[in-house]
Every structure is written in C-alpha cells, then in structure tokens.
Amino acid sequence: VGFVNKKGEAERSVVETMNAAILHRGPDEDGFFVKETVALAMRRLSIIDLASGQQPIFTPDGTKCIVFNGEIYNYQELREGLIARGHKLKTKSDTEAVLHLYDEYGPDCLQHLRGMFAIAIWDDVEKTLFLADHDNGTDRIDPTQPAPKTGPMRIYSFPLGANGLV
C-alpha cells in the first residue's frame, strides 16, 4: 500500500491504517517507508529468506527502496547473475534481487522476472515511484506532475488479483 502526498508530508498513521486493512495478505510482518511526501507499506507472509528478508529493502547507496509482494520463480538464477556482475546483496530474498535488477536495468528489469508479483520502488534521486505487477504492466509516477482528479494526494492501487499491493 502507499501514497504520494503532493501538498505536504506523508503521514505514517495514514499508511499504517491502509496496511492494517490488508493484514490478511501477510500476517507474519509488516514494513514501512515514509519520507517527505511518500509513504509505502507492505504485509509479508514469510516464505523466502525468513531470517533477513524484511522490507522495505534499500539499495546499498540508500537511494532506492522497494516494497514487494509475490514470488519471483527464477530469483536464485537472477541473484547469481547479479552477484557475478558485482552487486552486493545482503539477503537471500527475491525482493532484494528485484531491487538490484531495477537498479541495473530500470523498468526493463521486468523482462527478466518470472513470477507473480506487485512491486513499488521509490527512487529518491529521481523522485519517482515505479509500480509494476505481473498482470497489468508498469507505471512510472512523477509526483511533481499534476494528480489526476485525486486532489493533493495520489493513491495508487492494483486490482485484488495483483497480490495485494495498493
């Protein structure tokens, strides 16, 4: 779940309420990213990398942040390739592999993924929010652009079939 508030600071309490509404999607843990105008949250059903797969996950330089729901079937192969190309991964999670692929390929990272997923990546340098799911494709949002009929706050959602990222 998440939002971009174009008129002011994002409030953690708002995204906490949104995240509580999807508790059934992942009862094991939750995670939050709130910075300036952006708030992202996730629920997790821990299956892969139980010990260190907590979200959100950040790139080593801290400029990109991901919340993710789903499963990448080929993440081990992707992870091995990332490591061979010099990426430093801290976890064994599919989430971190997706983030590093995005860091390397941008939106074209989706061409490498096999699975069912919903992804939100905040790029703090570009100030963009990248959203993607396995069914509906991608959208790159620039919060500085006018919001379509939602007033000062943009709220993004995927259909329920997209693994619960709202």
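No hydrogens, no waters, no symmetry mates; every other heavy atom, side chains included, goes into these values. Predicted model, so just to flag it, every value in this text is computed and none were measured.
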Backbone N/O of Ile72 and side chain of Asp94: donor-acceptor pair under 3.5 Å: yes

Exam field: side chain Glu96 to backbone Thr91, donor-acceptor pair closer than 3.5 Å: yes

Pair listing, salt bridge (charged side-chain N to carboxylate O under 4.0 Å, His left out) test, anchored in residues 100-118, at least two apart: Lys64-Asp103, Arg85-Glu104

Reported OG1-to-OH distance for the pair Thr95 and Tyr75, which is rounded to 0.5 angstrom: 9.5 Å

Results of salt bridge (charged side-chain N to carboxylate O under 4.0 Å, His left out) for Glu16 - residues two or more places apart only: Arg12

Phe32 vs Asn19 side-chain heavy atoms within contact, under 4.5 Å: yes

Any donor-acceptor pair under 3.5 Å from Gln55 side chain to Asp30 backbone: no

Test salt bridge (charged side-chain N to carboxylate O under 4.0 Å, His left out) applied to Glu29 and Arg43, step by step: CA-CA 6 Å; Glu29 67 183 86; Arg43 300 286 329 168; over 6 Å; no

For Thr37 against Gly8, the heavy-atom pair lying closest together: CG2-O, 3.4 Å

Distance-minimising heavy-atom pair for Val34 and Ala39: CG2-CB, 4.1 Å

Over all atoms of both residues, closest heavy-atom pair of Ala41 and Val15: CB-CG2, 3.7 Å

Nearest atoms (heavy-atom pairs only) where Ile119 meets Phe68: CG1-CD1, 3.7 Å

Residues that Ile83 engages under side-chain contact (heavy atoms from CB on, under 4.5 Å), provided they are two or more places apart: Arg79, Leu89

Side chains of Phe33 and Val38 in contact at under 4.5 Å (non-hydrogen atoms): yes

Closest non-hydrogen atom pair between Leu129 and Ala120, with its separation: CD1-CB, 4.4 Å

Value rounded to 0.5 Å, distance of SG in Cys65 from CG in Asp123: 10.5 Å

For Ala10 against Phe3, the heavy-atom pair lying closest together: CB-CE1, 3.8 Å

Sidechain-backbone polar pair: Asn74 side chain, Glu77 backbone, donor-acceptor under 3.5 Å: no

Aromatic ring pairing His100/His87, orientation class (parallel under 30°, perpendicular over 60°, tilted between): perpendicular

Spacing of CH2 belonging to Trp122 relative to CG belonging to Leu131, to within rounding of 0.5 Å: 11.0 Å

Min side-chain heavy-atom separation Ile57-Ser93 under 4.5 Å: yes

Pairwise side-chain contact, Leu113 with Leu110, heavy-atom cut-off 4.5 Å (strictly under): yes

